[in-house]
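Comments concern the structure below.
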Amino acid sequence: MEAVISHPWNVTIQKAKEIQLSLSKRVLLKPLLKKVLLLAAVDVSYTRWDKQGYAVLGIFSIRYDNSDGLIRIKEEVIYTRKDRVNFPYVPSYLSFREIPMLLPLFEKVDIKPDVLLVDGVGIAHPRRFGLAAHLGVLYDIPSIGCAKSRLVGMYEEPAVKKGSLTKLVFKGEEVGVVLRSKDNCKPLFVSPGNKCNVGSAARIVLKCCSKYRLADPIRRVDAISKEIRKGDNRSSVSRHLTAGSLPCGMAKPIQKGGSKQ
DNA sequence: GCGACAG
DNA sequence: ATCTTGTCGC
């Protein structure tokens, strides 16, 4: 994929804020009605001292379970990258810490997924421009933020049953939902990133939750990220197939010795 | 002024 | 985010 927008990343917090305020105007909120068949997910894990980050981008082809209508991952193509982290973690500026590591991975993908799931927030952000919104705008694709905790907004606790949800309201606006993705488990904070709205975001994320608290695709990239952090060995581009063949255009991007450092 | 604060 | 054993609940 090729970014539609380009801007510096090694910036001060003040400049980062200006970029967020400027780019937030490009966020488009609308129903995402197209059936999701190709889904992407990203995540980054770190070493204890924050010196290195392990970024992962997964492209997943999807099938729908006949019985429950939930999404099942049919095939996956995984891209990973180990990088030194420069930008510190500053609440509401996570994009500037993680996106620089993810950019090289997106470059390797030559197709646009129907939606991108992100471990972080979308518009449920002080300036309505969290990590998911930022990535969605950069690549002009639908994106959804699936945070494990709250950054901003007020809400009431959703019922304990999976599928229960309550509104996440920030400054009088509904910026997302608090979604119970698994019975009796802490809820997820789902907010649209780009080319999606709150309702569609909640519907899609719930369909991605099969047996665990986290949406399957995010849980997958999260596991891979932590796995390679421990091992820190083998090729940085791997392929995993579970059945059938890849949709046209998806087979190409796999190469060996692709991305390291 | 003080507490809160995605990963 | 990461460091960590056992432990309580579904």
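Basis for what follows: all heavy atoms, side chains included, without hydrogens, waters or symmetry-related copies. In what follows, chains are A, B, ... by sequence order, proteins preceding strands, each numbered from 1.
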Aromatic centroids of Tyr79(A) and Phe106(A) separated by under 6.0 Å: no

Nucleic acid footprint by protein, nucleotides 1-7 of chain B - heavy-atom cut-off 4.0 Å, B for base, S for sugar-phosphate alone: ----BBB

Inter-residue atom distance Lys148(A).NZ - Asp222(A).CG, 0.5 Å rounding: 6.5 Å

Ring geometry between Phe96(A) and His134(A) (parallel below 30°, tilted from 30 to 60°, perpendicular above 60°): perpendicular

Neighbour count >12 (heavy atoms, 6.0 Å) for atom CD, Glu156(A): no

Sugar-phosphate, base or nothing in reach of Lys226(A), heavy atoms under 4.0 Å: sugar-phosphate

Salt bridge (charged side-chain N to carboxylate O under 4.0 Å, His left out) between Lys167(A) and Glu173(A), worked out: CA-CA 9 Å; Lys167(A) 294 178 181 177; Glu173(A) 289 186 272; over 6 Å; no

Nucleotide dA1(C), atom P - distance to CZ of Arg84(A) in whole Å: 21 Å

Euclidean distance, atom CG of residue Asp183(A) to atom P of dC8(C) [Å, nearest integer]: 22 Å

Which residue lies more 5' along DNA chain C, comparing Asp222(A) with Asn184(A) via nearest heavy atoms: Asp222(A)

Geometric cation-pi criterion Arg26(A) and Phe129(A), 6.0 Å radius, 45° cone: no

